[in-house]
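Before any comments, here is the structure.
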Amino acid sequence: MDDFADRLRAAPQSRLQRGAAAEALELARELARRAQLAEEPGTEPRQMPDAGMFAAADQIAVAAHDLALVLTDEDQVEEAVGLVEEARKRAGV
């Protein structure tokens, strides 16, 4: 996850505009949703706002670290890592 965030930070603006930032935001929102569901079962998760393409890397880092703190099952961790890897490939960074 940190590697993906670092690659996004280093990516040129043109790459971010071609979809890498949107992919990153989608991932950050999903990770945040999962963390909220684990922390507050039964409540409606709040959607992470779009803070702009240059904030997408930081949004991934925050959401992933939040999720890592609440995951208790190794299968959940592997699933989250898989989500990050798939998003990184789609983002092309």
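Given the structure is predicted, the values throughout are model-derived calculations rather than measurements. All values below were derived from every heavy atom in this structure, side-chain atoms included, with hydrogens, water molecules and symmetry-related copies excluded.
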**Asked** Hey, quick one: are Val84 and Leu16 part of the same hydrophobic cluster, counting side-chain heavy atoms closer than 4.5 Å, chains of contacts allowed?
**Response**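 In one cluster with Val84: Leu16, yes.
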**Asked** Shared ILVMFWY cluster between Val81 and Leu37, side chains joined below 4.5 angstrom?
**Response**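 Different clusters: Val81 never reaches Leu37 through Ile, Leu, Val, Met, Phe, Trp or Tyr contacts under 4.5 Å.
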**Request:** Would you check if Leu25 and Gln59 make a side-chain contact, meaning some heavy-atom pair closer than 4.5 Å?
**Result:** yes
**Glu78 side chain near Leu71 side chain, heavy-atom distance below 4.5 Å** =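 Sidechains of Leu71 and Glu78: no contact.
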Closest heavy-atom pair and its distance - [X], [Y]:
X: Ala56; Y: Ala24; value: CB-CB, 3.7 Å
X: Leu67; Y: Leu31; value: CD2-CD2, 3.7 Å
X: Ala91; Y: Ala20; value: O-CB, 3.6 Å
X: His65; Y: Asp2; value: CE1-OD1, 3.6 Å

**Prompt:** Of all residues at least two apart in sequence or in a different chain, which pass the salt bridge (charged side-chain N to carboxylate O under 4.0 Å, His left out) check with Glu85?
**Reply:** Arg88
All side-chain contact (heavy atoms from CB on, under 4.5 Å) counterparts of [X], not counting sequence neighbours:
X: Ala38; result: Val70
X: Gln17; result: Gln13, Met53
X: Asp75; result: Asp73
X: Val62; result: Asp66

Per the salt bridge (Lys or Arg N to Asp or Glu O under 4.0 Å) rule, what does the pair list look like for [range], sequence neighbours excluded?
range: residues 12-28; value: Glu23-Arg90
range: residues 56-65; value: Arg9-Asp58
range: residues 31-53; value: Glu30-Arg33, Glu30-Arg34, Arg34-Glu79, Glu40-Arg46

**Prompt:** Is the backbone N or O of Gln47 less than 3.5 Å from a side-chain atom of Arg29, with the two atoms forming a donor-acceptor pair by type?
**Reply:**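 Flag not set: sc Arg29 to bb Gln47 has no pair under 3.5 Å.
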